[in-house]
Amino acid sequence: MSAQEKNNKLEALASLCKRRGFIFQTSEIYGGLNGFWDYGPMGAELKRNIKDAWWKAMVHEREDIVGLDSAIIQHPRTWEASGHLEGFTDPMVDCKACKKRYRADQFCEEQGLKLEFDENKKPKLPEGAKCPACGSKDIIPPRAFNLMFKTYVGPQEDTSTLAYLRPETAQGIFAQYNNVLACSRVKVPFGIAQIGKAFRNEINPRNYTFRSREFEQMELEFFVKPGSDAEWHDYWVAERLKWYSRIGLPEGHLHRYVYGKDELAHYASACVDVLYDFPFGTQELEGIAARGNFDLSRHQQFSGKSMEYFDQDTKEKFVPHVVEPSAGTDRIALALLCEAFHEEWVPTSDVAGSQPIPVDYDNPKQPQGCELRTVLRFAPCIAPIKVAVFPLLKNKPDLVNKARGVYDTLRKRWSAFWDVAGAIGRRYRRQDEIGTPFGVTVDFQTLEDDTVTLRERDTMQQVRVKIGELSERLAVAIEK
RNA sequence: GCGGGUGUAGCUCAAUGGUAGAGCUCCAGCCUUCCAAGCUGGCUAUGACGGUUCGAUUCCGUUCACCCGCUCCA
């Protein structure tokens, strides 16, 4: 795909997302706010389905993982212990002459120098630093920048009440590790799962919703016996890839990035990123890290509370090591939208043949005898609406009443959609655009034999099904 | 943060220093026996603030947002 083509595809997708209620710019009426996005009716369903699928796979279908929902604002000491207060920053420098930008530490190392810090811990360039590209010494000094959002707890606004919006949900898990252990009767190896918002004051939000300042994480901390880290890390990488396949991101469209030893944090023994081929590049959806006992040890040190685990079987006492699969809900939502998004030319006459033709974004010309169909091919478990119900004609009360009955039955079990407006073809296409996998139409034959047509989104094929068998038939596809 | 681009209706686009248009969508009605048909009617817009001007959507400035490149992404 050419760069232009990718750009056109993302633009077409963003336009659809707004038109059909998936994603809106936040505070749009006030001109928007950089790095923040809202989800409309369809987007809210989509995200909920992603989170439900994750929770189901990680918590409900397993015996060794329990859930947690910790506060967004934690005690500030949390972030001292986690290292975010100190190290959650990447000072940058710019060359005034050639406009190149560097990370300050890398900029210095490249010329055999070391980034210095003044008495306020503010970074500054050492003597003699110059731009490696053009040799200029006219460098904009490094700007220190902590990515945590600050706020104040209570009426006083001073350093005694300073607090932070969490930059990750994980630390809430570590901080409650003892309580969870005491109440839930879990034994190592076990995990604590959490879904929630996190906040990072990114320097440069980019790529639609990909890098946002407010985002949702789905994190698991899986506590294991020291020494079994590698084995469990491999296990979770495989497990997570299986999950992506289940929600409609096949392994062929994902990539694994295995960190080299020199790229790992000093306490980590392994890290694998799961990447997806977005139109704007191959980018991270999830990081799966083996973090040793760094986090629990740090909280033990900063809180003075023991984080040791006593193994009844072996009579050993240890601080468990942890494997952390940490996924971004919004990034997965965007990946699913990109993966599902298809525009195709569908034939309206024999001139065009019978097969739909995918749109060529470099040359989006309409073939003769065709019209455009936009369709989101979501996996049924992810689709915001599972089934739409239509009476064939809206001015025939018998059809409308009969269809209404079918709708009332189906909506008790799934998110369903009722539509009587316009020609039947138009109603099908509207559902295609929001990715509804099934359409059920009540026609005149229904009044005679109690069968309806069941139309499948991707193939547009229809089969006749007894109303009484509809639910079971849908369940097979939706709830697998 | 730097450089480039773009902001007009829900979407895609047009136009103009002097009444802002179209197509699609959406809503209502009619019609319609399975894939965006047709007819009638309707709602909706110059991102924000300031300046120049008799008059600014148009020119100028500032700002905000989005896209691209650089950069960054624990």
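Heavy-atom basis, side chains included; hydrogens, waters and symmetry copies ignored. Treat the numbers as computed from the prediction; the structure is a model and nothing was measured. Lettering follows sequence order; numbering is per chain, from 1.
Counting only heavy atoms from C-beta outward, the side chains of A:Glu239 and A:Phe222 never approach each other to under 4.5 Å. Side-chain contact between A:Val322 and A:Phe174: present, with at least one pair of heavy atoms (C-beta onward) separated by less than 4.5 Å.
Comparing the C1' positions of B:C26 and B:A9 gives a spacing of 11 Å, expressed to the nearest Å. Nucleotides B:C60 and B:G17 have their P atoms positioned 13 Å apart, rounded to a whole Å. Look at the C1' atom in both B:A45 and B:G21: the space between them is 11 Å, to the nearest Å. If you take atom P in B:U25 and the same atom in B:G38, they sit 8 Å apart, rounded to whole Å. Across B:G18 and B:U6, the matching C1' atoms stand 27 Å from one another, rounded to whole Å. When the C1' atom is compared between B:A56 and B:G47, the two are found 16 Å apart, to the nearest whole Å. Nucleotides B:C66 and B:C30 place their P atoms 44 Å apart, quoted to the nearest Å. Nucleotides B:G50 and B:C64 place their C1' atoms 14 Å apart, quoted to the nearest Å.
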**Q.** ring-ring contact (aromatic ring centres under 6.0 Å, His included) between A:Phe210 and A:Tyr208, worked out
**A.** CA-CA 6 Å; A:Phe210 182 81; A:Tyr208 201 26; over 10 Å; no
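For the pair A:Glu11 CD and B:C66 P, the interatomic distance rounds to 14 Å; values are reported in whole Å. Between the P atom of B:C64 and the CG atom of A:Leu33 lies a distance of 11 Å, rounded to the nearest Å. The separation between A:Leu393 atom CG and B:C31 atom P is 11 Å, rounded to whole Å. Atom OH in A:Tyr428 sits roughly 12 Å away from atom C1' in B:U33 (whole-Å rounding). If you measure from atom CD of A:Glu343 to atom C1' of B:C11, you get 12 Å, rounded to the nearest angstrom. Rounding to whole angstrom units, CD1 of residue A:Ile434 and P of B:C11 are separated by 18 Å. When the P atom of B:C34 is taken as reference, atom CZ of A:Arg429 falls 15 Å away, rounded to whole Å. For A:Leu10 and B:C67, the CG to P distance is 8 Å, given to the nearest whole Å.
The listed nucleotides are B:G10, B:A37, B:C34; the one nearest the side chain of A:Ala423 is B:A37. With distances taken from any side-chain atom of A:Phe444 to the nucleotides B:C35, B:U33, B:C26, the minimum falls on B:U33. The side chain of A:Arg20 has B:C26 as its nearest neighbour among B:C26, B:C34, B:U32. Among B:C66, B:C35, B:C11, the nucleotide with an atom closest to any side-chain atom of A:Gln25 is B:C66.
Pair assignment for B:G38: B:C30, on the basis of Watson-Crick or G-U wobble contacts that are both within less than 3.5 Å. When Watson-Crick and G-U wobble pairs are counted only if both distances are under 3.5 Å, B:A22 pairs with B:U12. The partner of B:C70 is B:G1, judged by Watson-Crick or G-U wobble contacts that both fall below 3.5 Å. In this structure, B:C49 forms a base pair with B:G61, meeting either the Watson-Crick or the G-U wobble geometry with both donor-acceptor distances under 3.5 Å. B:A56 is unpaired under the Watson-Crick or G-U wobble criterion, no partner having all donor-acceptor distances under 3.5 Å.
In this structure a side-chain-to-backbone donor-acceptor pair under 3.5 Å is present from A:Glu263 to A:Gly260. For the pair A:Gln300 (side chain) and A:Met307 (backbone), a donor-acceptor distance under 3.5 Å is present.
One can find a donor-acceptor pair under 3.5 Å joining the base of B:G69 and the side-chain atoms of A:Arg206. Side chain A:Gln431 to base B:A36: no donor-acceptor pair is found below 3.5 Å. Side-chain atoms of A:Asp443 and base atoms of B:C34 include a donor and an acceptor less than 3.5 Å apart.
For the residue pair A:Tyr267 / A:Asp295, no side-chain donor-acceptor distance below 3.5 Å is found, with atom types taken as modelled. Donor-acceptor pairing under 3.5 Å is lacking for the side chains of A:Tyr39 and A:Glu216.
Nucleic acid contact class of A:Ser15 (heavy atoms, under 4.0 Å, all strands): sugar-phosphate only. Looking at heavy-atom distances under 4.0 Å, A:Tyr30 makes no contact with the nucleic acid at all. Backbone-only engagement by A:Gly35 is indicated by non-hydrogen atom pairs under 4.0 Å involving sugar-phosphate atoms exclusively. The residue A:Asp432 sits apart from the nucleic acid: no heavy atom pair falls under 4.0 Å. Base engagement by A:Arg455 is indicated by at least one non-hydrogen atom pair under 4.0 Å involving a base atom. Within the nucleic acid shown, A:Glu284 comes within 4.0 Å of sugar-phosphate atoms alone, with no base atom in reach, counting heavy atoms only. Using a 4.0 Å heavy-atom criterion, one finds that A:Glu263 contacts no nucleic acid atom at all.
Checking A:Ile29 against A:Glu371, the closest nucleotide of RNA chain B that is more toward the 5' end is the one next to A:Glu371. In terms of position along RNA chain B, the nucleotide closest to A:Gly425 lies nearer the 5' end than the nucleotide closest to the other residue of the pair A:Gly425 and A:Asn207.
Applying the 4.0 Å criterion to OP1 and OP2 of B:C34, one finds that A:Arg426 has every side-chain N and O outside that range. OP1 or OP2 of B:C66 lies within a sub-4.0 Å distance of a side-chain N or O belonging to A:Asn34. One finds a side-chain N or O of A:Lys18 lying less than 4.0 angstrom from the OP1 or OP2 phosphate oxygen of B:C11. Within the 4.0 Å cut-off from OP1 or OP2 of B:C30, not a single side-chain nitrogen or oxygen of A:Lys394 is found.
Using a cut-off of 4.0 Å between Lys/Arg side-chain N and Asp/Glu carboxylate O, A:Arg464 and A:Asp443 are scored as salt-bridged. The existence of a salt bridge linking A:Arg77 and A:Glu80 is confirmed by a sub-4.0 Å separation between a basic side-chain nitrogen and an acidic carboxylate oxygen.
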